[in-house]
Amino acid sequence: MRRFYAPTENFDEKQIVLDSEQSRHLRSVLRLVEGAEVQVFDGIGNEFLCGIERIEKKGTRLKVLNKVLPSAPESDLELTLAVAILKGEKFDLVIQKAVELGVTNFMPIITKRCDVKLKDSAKKNERWEKIVIESSKQCGRAKLMKINKPSDFESFMKDSISKSLIDEAFFLFSERNGENFANMKSNKKITAVIGSEGGWEDSEIRLAIQNNFQIITLGGRILRAETAAISIVSLLQHNFGDLR
């Protein structure tokens, strides 16, 4: 079954309108025709079986037939993943896999050893949001992972603690000076921070500790930054989420 995304404002009682980009994919790539059935999710967890009523360049009108269950349920772990921005396709890959692995919130951060310069953050965010939508379409999630605007490390630390809840756990993964992963306590609301390819400055680790982040070190292997991010999310979902 082909899946498409439409925001809630495109829903009108028993009808849904796909935007021009989704319509182009439906018409020109998949070559679907009027009368065919597709599934549409709204980005907040709902999914619907629909019939194609009218295909146009500016939009495709669908009739809602039934509400259905998404093929990929949401994890019971509310996971915020903060990752130092990486060059080009490496960061795109991390975003894509974060969606597939059930991350709730994604925060791009700028660290002292981050060698990426953001010239146009608005365009970057637009690109990242498109990756989130396309990844959600493919992996079966009906709730879009929230991707935030880039933030410098210090501001991220202050914002995280100011908005934290009593039952929230904060972890910074470092190549040194950390505790074993096995020491992490079970929690259903976690913020995990992964650094750049160059690792962390000592001042950043100290700042994290001052803000009640537990430092965790994965022993044994040296991982590329994108590999570390994907591996850590997998471990967190296995230990505290629904990846069993």
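All residue numbers refer to positions in the sequence shown, counting from 1.
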>> Any non-hydrogen side-chain atom of L236 less than 4.5 Å from a side-chain atom of H238?
In response: no

>> With salt bridge (charged side-chain N to carboxylate O under 4.0 Å, His left out) as the criterion, how do R54 and E56 come out once you've worked through the C-alpha distance, each side chain's angles and the decisive distance to 0.1 Å?
In response: CA-CA 7 Å; R54 189 166 68 251; E56 297 177 352; 3.0 Å; yes

> What about the rings of W128 and F106, do their centers lie closer together than 6.0 Å?
Replying inline: no

> At their closest point, which heavy atom of V132 faces which heavy atom of M145, and how far apart are they?
Replying inline: CG1-O, 3.5 Å

>> Would you say that more than 12 heavy atoms from the other residues, nucleotides or ligands in this model lie under 6.0 Å from the NZ of K146, or not?
In response: no

>> Parallel, tilted or perpendicular, judged at 30° and 60°: which one describes the rings of W200 and F153?
In response: tilted

> Parallel under 30°, tilted from 30 to 60°, perpendicular over 60°: which one fits the rings of F4 and H25?
Replying inline: perpendicular

> Rounded to the nearest 0.5 Å, how far apart are CG of L77 and OG1 of T104?
Replying inline: 6.5 Å

>> Between E197 and R113, does any NZ, NE, NH1 or NH2 come within less than 4.0 Å of an OD or OE carboxylate oxygen?
In response: no

> So does E78 pair up with K188, basic N to acidic O under 4.0 Å?
Replying inline: no

>> Run the side chain to side chain donor-acceptor pair (under 3.5 Å) test against N125 and tell me which residues pass, sequence neighbours left out.
In response: none

> Going by heavy atoms in the side chains, are I95 and S135 under 4.5 Å from each other?
Replying inline: no

>> Is any side-chain heavy atom of E74 closer than 4.5 Å to one of D242?
In response: no

>> Using the rule given for salt bridge (charged side-chain N to carboxylate O under 4.0 Å, His left out), can you reason through R206 versus E201, listing the C-alpha separation, both sets of side-chain angles and the distance that settles it, and then say yes or no?
In response: CA-CA 9 Å; R206 287 196 298 268; E201 293 280 351; over 6 Å; no

> Around atom CZ of R176, are there more than 12 heavy atoms of other residues, nucleotides or ligands at under 6.0 Å?
Replying inline: yes

> Should F213 and V193 be marked as a side chain to side chain contact (heavy atoms under 4.5 Å, CB included) after you check the CA-CA gap, both sets of side-chain angles, and the distance that decides it?
Replying inline: CA-CA 9 Å; F213 275 75; V193 187; 3.6 Å; yes

> Quick one: do L218 and L81 end up in the same hydrophobic cluster if we chain Ile, Leu, Val, Met, Phe, Trp and Tyr together by side-chain heavy atoms under 4.5 Å apart?
Replying inline: yes

> Side chains of L18 and N10: closer than 4.5 Å at any heavy-atom pair?
Replying inline: no

> Rounded to the nearest 0.5 Å, what separation is found between the CZ atom of R141 and the CD1 atom of I133?
Replying inline: 13.0 Å

> Would L86 end up clustered with L223 when hydrophobic side chains under 4.5 Å apart are linked, directly or stepwise?
Replying inline: no

>> Tell me whether I44 at atom CD1 has more than 12 heavy atoms from other residues, nucleotides or ligands lying less than 6.0 Å away.
In response: yes

>> Under 4.0 Å between a side-chain nitrogen and a carboxylate oxygen: does that hold for E100 and K97?
In response: yes

>> Are the side chains of L79 and V233 in contact, using a 4.5 Å heavy-atom criterion?
In response: yes

>> Is it true that E179 and T217 share a donor-acceptor pair across their side chains at a distance under 3.5 Å?
In response: no

>> I'd like to know if R127 and D92 make a salt bridge, using a cut-off of under 4.0 Å between side-chain N and carboxylate O.
In response: yes

>> Suppose we call two aromatic rings close when their centres sit under 6.0 Å apart. Are F48 and F41 close by that rule?
In response: no

> If Ile, Leu, Val, Met, Phe, Trp and Tyr residues are connected whenever their side-chain heavy atoms lie under 4.5 Å apart, and connections chain through other members, are L62 and Y5 in the same group?
Replying inline: no

>> Starting from L243, can I reach F173 by hopping between I/L/V/M/F/W/Y residues whose side chains sit under 4.5 Å apart?
In response: yes

> Do the side-chain N and O atoms of S75 and Q237 include a donor-acceptor pair separated by under 3.5 angstrom?
Replying inline: yes

>> Can you tell me if E89 has over 12 outside heavy atoms packed within less than 6.0 Å of its CD?
In response: no

> Would Q39 and R2 count as having a side-chain donor-acceptor pair, cut-off 3.5 Å?
Replying inline: no

> Is there a side-chain contact between N46 and K67 (heavy atoms, below 4.5 Å)?
Replying inline: yes

> Going from CD on E204 to CG on L172, what distance comes out if it is rounded to the nearest 0.5 angstrom?
Replying inline: 8.5 Å

>> Looking at R224 and E226, is any side-chain nitrogen of the basic one under 4.0 Å from a carboxylate oxygen of the acidic one?
In response: yes

> When the ring centroid of F181 is compared with that of F171, is the distance short of 6.0 Å?
Replying inline: no

>> As an exercise, state the distance from CG of L235 to CD1 of I230, rounded to the nearest 0.5 Å.
In response: 12.0 Å

>> Would you say that more than 12 heavy atoms from the other residues, nucleotides or ligands in this model lie under 6.0 Å from the NZ of K137, or not?
In response: yes

> Going from CZ on F170 to CE on M157, what distance comes out if it is rounded to the nearest 0.5 angstrom?
Replying inline: 9.5 Å

> Cut-off 3.5 Å, side chains only: do S136 and K143 have a donor facing an acceptor?
Replying inline: no

> Where do Q15 and E53 land on the side chain to side chain donor-acceptor pair (under 3.5 Å) test, with the steps shown first?
Replying inline: CA-CA 9 Å; Q15 288 189 327; E53 287 192 327; 3.1 Å; yes

> Does I55 share a hydrophobic cluster with I16, counting links as ILVMFWY side-chain heavy atoms below 4.5 Å and allowing steps through other members?
Replying inline: yes

>> Any non-hydrogen side-chain atom of E134 less than 4.5 Å from a side-chain atom of Q96?
In response: no

>> Could you check whether any side-chain heavy atom of V83 comes within less than 4.5 Å of a side-chain heavy atom of M107, counting everything from C-beta outward?
In response: no

